[in-house]
Amino acid sequence: MSRLIRAVIDTQALRHNLSTIRVRAGSARVMAVVKANAYGHGLVPTALALAGADAFGVARLEEGLALRAAGIKAPIMLLEGVFSAEQLGEAARQNLELAVHDPFQIGLLENFPRLKRLVLWIKVDTGMNRLGFAPSEFVGALARLRALVAHEIRLLTHLACADERANPMTQMQLTRWREATRGLNYPTSIANSPGLFGDAQVGGDWVRPGLALYGASPFSDRLAGDLGLKPVMTLTTSVIAVRRVPRGERVGYGGVWMAERDSIIAIVAAGYGDGLPRSFENGAPVLVGGVRAPLVGRVSMDMIAVDVTGRTDVRVGTEAVLWGAGLPVEEMARHAGTIPYELLCSVSQRVPLEPR
Ligand SMILES: *Cc1c(COP(=O)(O)O)cnc(C)c1O
């Protein structure tokens with residue numbers, strides 16, 4: 001019997017994607033975004049595999065500390081910054097770069113006038129209305145930060161709709177950005193993965209890719225392969241039962257799927273307890289023994305059922321791939337009404353991550 005569910009991590013694909021990103025980024029530097037356990041790929045092993053990145057981006061202090069504890073010396077930015085004096089002290093001790101997006105955070109810095117020199121990324125809100133200073137507030141925020149010790153100041157913004165290639169929002173945000181930063185001479189960063197691989201000339205001295213590193217496309221009309229990216233995670237498991245289901249019988253909870261013919265159903269060891277969305281629709285493909293077979297019935301906690309009628313090669317132990325090599329995660333996301341980001345981040349704790 002081959003092994004049950006695991007996420008095989010192709011570190012060579014990670015490095016390949018980083019070099020594809022480098023080509024795309026031109027002279028811009030690359031901050032590899034490894035928040036949320038590196039989008040489910042394992043924070044520390046991913047960062048170690050991406051040692052060629054110019055910096056790492058994480059959402060929260062604990063993630064930055066974990067990287068430092070693993071001996072990573074590269075610059076690390078906290079994309080949400082810090083929220084208390086204790087966090088600021090810890091971030092300073094560990095040499096973490098900070099996003100500054102709220103007057104509260106400026107206040108924290110002002111309370112430590114003798115703090116060591118830090119890299120501060122001031123976030124300008126150009127239309128996403130999530131984090132950052134509105135252009136009208138930005139001037140004042142910048143003045144307050146410049147009045148402190150000589151911290152190194154950089155500027156960033158975040159794009160809300162760059163994954164929709166034709167959405168005019170991106171141009172609107174870029175216009176607001178140019179107006180807000182005109183005449184200023186600080187290093188800048190704008191592009192996430194869709195900003196980097198989209199049609200707009202986004203620019204900036206740093207790019208901040210996450211999803212693209214992991215070999216998934218942020219666009220609904222392009223697969224990773226079209227962008228020169230290779231899938232990093234292959235979520236793979238095994239068939240644990242093969243059974244005949246006579247015509248008219250139903251499969252799984254709620255009996256939502258009925259056999260229209262005498263069928264052969266393979267039971268596969270993967271369920272929502274592993275992070276599969278329960279919303280996977282009937283007909284979603286599963287790669288059983290390298291061939292696509294449709295999901296039937298509801299996703300259970302530990303199992304799914306797949307229709308392999310007409311096949312003679314499927315038996316207990318046959319490999320079943322949920323997404324990854326040969327089955328793009330962005331395609332699977334569509335079958336669950338979600339985005340590849342969510343599928344990758346949802347892989348649960350009980351699924352071992354295995355370098356390939
Ligand atoms: C998560 C994040 C990114 C990376 O986004 P992708 O779409 O995964 O490339 C970049 N910048 C910020 C501020 C983020 O929060």
Side-chain angles (χ1 to χ4, degrees), residues 14 17-18 20-22 24-25 28-41 43 46-47 50 53-64 67 75-82 96-102 105 119-133 154-165 167 169-170 173-174 177 187-198 200 202-220 222 224 227-229 231-233 329-330 333 338-346:
L14 257 180
N17 296 336
L18 178 59
T20 299
I21 285 166
R22 278 220 182 275
R24 183 84 195 170
R29 293 206 248 182
V30 177
M31 177 183 293
V33 176
V34 292
K35 64 192 179 190
N37 200 28
Y39 293 42
H41 294 67
L43 172 63
T46 299
L50 293 175
D54 300 302
F56 294 103
V58 294
R60 310 213 172 125
L61 177 64
E62 290 69 22
E63 299 170 319
L67 291 177
I76 298 171
M77 176 198 182
L78 303 186
L79 294 161
E80 295 176 354
V82 289
L96 305 178
E97 303 181 357
L98 303 179
V100 181
H101 56 76
D102 191 278
Q105 295 175 321
V119 174
L120 302 180
W121 291 85
I122 308 179
K123 189 156 189 178
V124 184
D125 176 13
T126 51
M128 186 159 180
N129 288 301
R130 191 178 60 173
L131 294 184
F133 299 98
R154 301 180 185 169
L155 308 178
L156 88 152
T157 193
H158 196 51
L159 300 172
C161 303
D163 56 320
E164 298 165 22
R165 307 161 80 81
N167 195 316
M169 178 77 162
T170 301
Q173 286 194 267
L174 292 174
W177 168 258
T188 58
S189 177
I190 307 163
N192 50 4
S193 298
L196 182 61
F197 284 91
V202 167
D205 301 304
W206 286 82
V207 296
R208 308 186 309 273
L211 190 71
L213 283 169
Y214 307 105
S217 165
F219 306 114
S220 58
R222 298 259 168 114
L227 309 177
L229 302 168
V232 174
M233 178 196 292
V329 64
E330 49 271 50
T338 184
I339 52 176
Y341 297 82
E342 190 183 14
L343 289 193
L344 294 172
C345 287
S346 301

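Each ligand, and each atom within it, is numbered from 1 in the order the structure gives. Numbering starts at 1 and runs along the sequence shown. Owing to the predicted nature of the structure, the values given are computational and were not obtained by experimental measurement.
- Using modelled atom types, no side-chain atom of Ser193 and backbone atom of Pro209 make a donor-acceptor pair closer than 3.5 Å.
- With ligand atoms numbered from 1 in the order given, ligand 1 contributes 7 (O) to contacts under 4.0 Å with heavy atoms of Pro194.
- Residue contact check for ligand 1: Pro218 places no non-hydrogen atom closer than 4.0 Å to it.
- Checked by atom type and distance alone, the side chain of Asp125 pairs as donor or acceptor with a backbone atom of Met128 at under 3.5 Å.
- Contact atoms of ligand 1 toward Tyr39: 1 (C), 4 (C), 5 (O), 6 (P), 8 (O) (distance under 4.0 Å to a heavy atom of the residue).
- Classification of the Trp206-Trp121 ring pair by plane angle, with boundaries at 30° and 60°, yields perpendicular.
- Of the possible polar contacts, one joining the Asn37 side chain to the Leu43 backbone as a donor-acceptor pair under 3.5 Å is found.
- The pair Arg154-Glu97 counts as a salt bridge, with a side-chain nitrogen and a carboxylate oxygen less than 4.0 angstrom apart.
- Residue Ser193 approaches ligand 1 through these ligand atoms, each under 4.0 Å from one of its heavy atoms: 6 (P), 7 (O), 9 (O).
- The shortest N or O to N or O distance between Lys35 and ligand 1 is under 3.5 Å.
- The backbone N or O of Glu80 sits less than 3.5 Å from a side-chain atom of His101, completing a donor-acceptor pair.
- Atoms of ligand 1 found under 4.0 Å from any heavy atom of Leu211 (numbered from 1 in listed order, with element): 6 (P), 8 (O), 9 (O).
- Looking from atom 11 (N) of ligand 1 to the surrounding protein, the closest heavy atom is Arg208 NE, 2.9 Å.
- Considering backbone and side-chain atoms alike, Tyr341 places an N or O below 3.5 Å from some N or O of ligand 1.
- Not close to ligand 1: Ala212, with no non-hydrogen atom less than 4.0 angstrom away.
- Contacts between Pro209 and ligand 1, counted as non-hydrogen atom pairs separated by less than 4.0 Å, involve the backbone only.
- Contact annotation: for His158 versus ligand 1, heavy atoms closer than 4.0 Å belong to the side chain alone.
- Electrostatic pairing of Arg222 and Asp163 does not count as a salt bridge here, judged by no charged N lying under 4.0 Å from a carboxylate O.
- Within the 3.5 Å criterion, the main-chain N or O of Val58 finds no donor-acceptor partner in the side chain of Glu63.
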